Trainee: 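Can you keep this structure in mind? I'll have questions shortly.
Nothing here was measured: the structure is a model prediction, and the numbers come from that model. Atom set for the values below is all heavy atoms of this structure, side chains included, hydrogens, waters and symmetry mates excluded.
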Amino acid sequence: MTGDLLLLAVAAVWGSSYLAAKTLVAATGVLVVLALRYLVSMLAMLPLMIGRRVQRRELAVGVLLGCTQASVLVLETYGVSMTSATNAGVLISLTILLTPVLQGGLPARFLLAAAVATLGVVLLVAGPGLRTPSVGDLLMLAAAVVRAVHVNLSARLSRPSFDTVTLTTAQTVIGALVFTVAAWPLTTDGLGTGEWLGVLYLALGCSVFAFLVQLWAIRRTSPARASLLLGTEPVWAVLIGISLGGEHLTVLAGLGIGLVLAGTFWGQRVERRHRIGSLTPATAV
């Protein structure tokens, strides 16, 4: 239960980050935003490594996960800047379906529950209607695929002896190195106090907190369950927009939220029963 609540918190944080990311990208560019986000994250994580002993394989896994996580963020950030928010929300929500497909071994009922949640996301963000596919749409689709791969790798490669803080720190270091080199020279002339606060929020909330919780929770549950909970991200984005941005909830969006919540709740129950049944096959029906 604790892991589920923390994953929902990550989804809420990510759902609240859209406005900050769009504002920062408009002010200084995609690569500079990602470089600053990872540099601040790295500086926050490195002090936590004092006194920790790092295993060679643990470091290798952290580097690999850092590459896949950085790939997701660069594809998402460029994709959002080149397509509509509607198309982006629908396409990234395909992670809910792609993750259990890659994981394998789950009952058909879980895939049906994931499909219900995905349909809810479509209704939630399809107010103005879907546009003709663009390059940005392809980037968002690629981001959904890589995110599904990243979640599955996080579960399969993280041994019980591996330290979550070490793996997360390795991810931030890899991202900081890659994006700092890609964005060099870093120009921050367009960033004022508000923009720097946005950078801190993306780094500390959407990266440090989210990466730690995501990895910690995935190692204690299944990739499919984690993606189902993280797939509520568009719901939080809409609710935050209504509460803070003065937006209005349409009937279609309300139906979408209901389907996302229903699909998520149903999928959780199916996944939990399947996991318990696989651990105790003698008592399975």
Trainee: Cut-off 3.5 Å, no hydrogens considered: what does the side-chain donor-acceptor table look like for residues 99-111, sequence neighbours left out?
Mentor:
residue: Thr99; atom: OG1; partner: Thr95; partner atom: O; Å: 2.9
residue: Thr99; atom: OG1; partner: Ser227; partner atom: OG; Å: 2.8
residue: Gln103; atom: OE1; partner: Ala224; partner atom: N; Å: 2.8

Trainee: With hydrophobic residues grouped by side-chain heavy-atom distances under 4.5 Å, do Val32 and Val25 end up in a single group?
Mentor: yes
Trainee: Please answer whether the main-chain N or O of Thr169 pairs with a side-chain N or O of Thr172 as donor and acceptor at a distance below 3.5 Å.
Mentor: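 Flag set: sc Thr172 to bb Thr169 pair under 3.5 Å.
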Trainee: Side-chain heavy atoms under 4.5 angstrom apart, residues restricted to Ile, Leu, Val, Met, Phe, Trp, Tyr: same cluster for Phe211 and Val33?
Mentor: yes
Trainee: Could you tell me whether the side chain of Trp14 and the main chain of Cys206 form a donor-acceptor pair under 3.5 Å?
Mentor: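 At least one qualifying donor-acceptor pair exists.
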Trainee: Supply the atom-to-atom distance Leu119 CG to Leu259 CG, rounded to the nearest 0.5 angstrom.
Mentor: 5.5 Å
Trainee: Quick check: closest heavy atoms across Leu157 and Phe162, and the distance to 0.1 Å?
Mentor: O-CE1, 3.4 Å
Trainee: Are Leu138 and Leu98 connected in a single hydrophobic cluster, I mean Ile/Leu/Val/Met/Phe/Trp/Tyr linked by side-chain heavy atoms less than 4.5 Å apart?
Mentor: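 As far as the 4.5 Å side-chain criterion goes, Leu138 and Leu98 are not connected within one cluster.
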Trainee: Examine distances only and state if a side-chain atom of Ser207 and a backbone atom of Leu204 form a donor-acceptor pair shorter than 3.5 Å.
Mentor: no
Trainee: Examine distances only and state if a side-chain atom of Glu195 and a backbone atom of Gly192 form a donor-acceptor pair shorter than 3.5 Å.
Mentor: yes
Trainee: How far does OG1 of Thr77 sit from CG of Leu31, to the nearest 0.5 angstrom?
Mentor: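 One gets 9.0 Å once the value is rounded to the nearest 0.5 Å.
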Trainee: Do Arg225 and Asp4 sit within salt-bridge range, that is, some charged N less than 4.0 Å from a carboxylate O?
Mentor: yes
Trainee: Minimum heavy-atom separation for Ala203 to Ser41, with atom names?
Mentor: O-OG, 3.2 Å
Trainee: Tell me whether Ile218 shares a hydrophobic cluster with Val63, the cluster being built from Ile, Leu, Val, Met, Phe, Trp, Tyr side chains joined at under 4.5 Å.
Mentor: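 No, Ile218 does not connect to Val63 through the hydrophobic network.
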Trainee: Step by step, would you call Val30 with Leu34 a side-chain contact (heavy atoms from CB on, under 4.5 Å)?
Mentor: CA-CA 6 Å; Val30 171; Leu34 290 173; 3.9 Å; yes
Trainee: Can you name the closest pair of heavy atoms from Leu7 and Leu230 and give their distance?
Mentor: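 Smallest heavy-atom distance, with atoms named: O-CD2, 3.6 Å.
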Trainee: Hey, what do you get for CG (Leu229) to CG (Leu5), rounding to the nearest 0.5 Å?
Mentor: 9.0 Å
Trainee: Check the pair Tyr201 / Val13 against side-chain contact (heavy atoms from CB on, under 4.5 Å), numbers first and verdict last.
Mentor: CA-CA 9 Å; Tyr201 180 68; Val13 168; 3.9 Å; yes
Trainee: Kindly compute the distance separating CD (Gln171) from OG1 (Thr166), expressed to the nearest 0.5 Å.
Mentor: 11.5 Å
Trainee: Given Leu59 and Gln55, is the side-chain contact (heavy atoms from CB on, under 4.5 Å) satisfied, shown in steps?
Mentor: CA-CA 6 Å; Leu59 182 60; Gln55 306 173 44; over 6 Å; no
Trainee: Say you draw a straight line from OG1 of Thr188 to CH2 of Trp196; how long is it, rounded to the nearest 0.5 Å?
Mentor: 5.0 Å
Trainee: Using 0.5 Å steps for rounding, measure from the CG atom of Leu167 to the CE atom of Met45.
Mentor: 9.5 Å
Trainee: With a 4.5 Å limit on heavy-atom distance, are the side chains of Leu177 and Tyr38 in contact?
Mentor: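 In short, these two side chains do not touch, never coming nearer than 4.5 Å.
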Trainee: Give the minimum heavy-atom separation between Ala27 and Leu191, together with the two atoms involved.
Mentor: CB-CD2, 4.4 Å
Trainee: Among the clusters formed by ILVMFWY side chains lying less than 4.5 Å apart, do Val208 and Leu36 turn up in the same one?
Mentor: yes
Trainee: Quick one: does Glu76's side chain have a donor or acceptor within less than 3.5 Å of a partner on Leu73's backbone?
Mentor: no
Trainee: Is the closest side-chain heavy-atom distance between Met42 and Arg37 below 4.5 Å?
Mentor: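 Not touching, per the 4.5 Å side-chain cut-off.
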Trainee: State, to 0.1 Å, how close Leu65 and His150 come at their nearest heavy-atom pair, and which atoms those are.
Mentor: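 Scanning both residues completely, I find the closest heavy atoms to be O-CE1, 3.4 Å.
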Trainee: How close do Val165 and Leu212 get, counting heavy atoms only, and between which atoms?
Mentor: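 The pair with the smallest heavy-atom distance is CA-CD2, 4.0 Å.
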Trainee: Have Ser154 and Arg219 got a donor and an acceptor in their side chains that come within less than 3.5 Å?
Mentor: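 Judged by distance alone, the side chains do not pair up.
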Trainee: Determine, step by step, whether Leu39 and Leu186 satisfy the side-chain contact (heavy atoms from CB on, under 4.5 Å) criterion, reporting the C-alpha distance in whole Å, the side-chain angles of both residues, the deciding distance to 0.1 Å, and the verdict.
Mentor: CA-CA 11 Å; Leu39 283 170; Leu186 289 177; 3.8 Å; yes
Trainee: Return yes if some donor-acceptor pair links the side-chain N/O of Thr28 with the main-chain N/O of Leu24 below 3.5 Å, else return no.
Mentor: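 Looks like no, no N/O pair under 3.5 Å.
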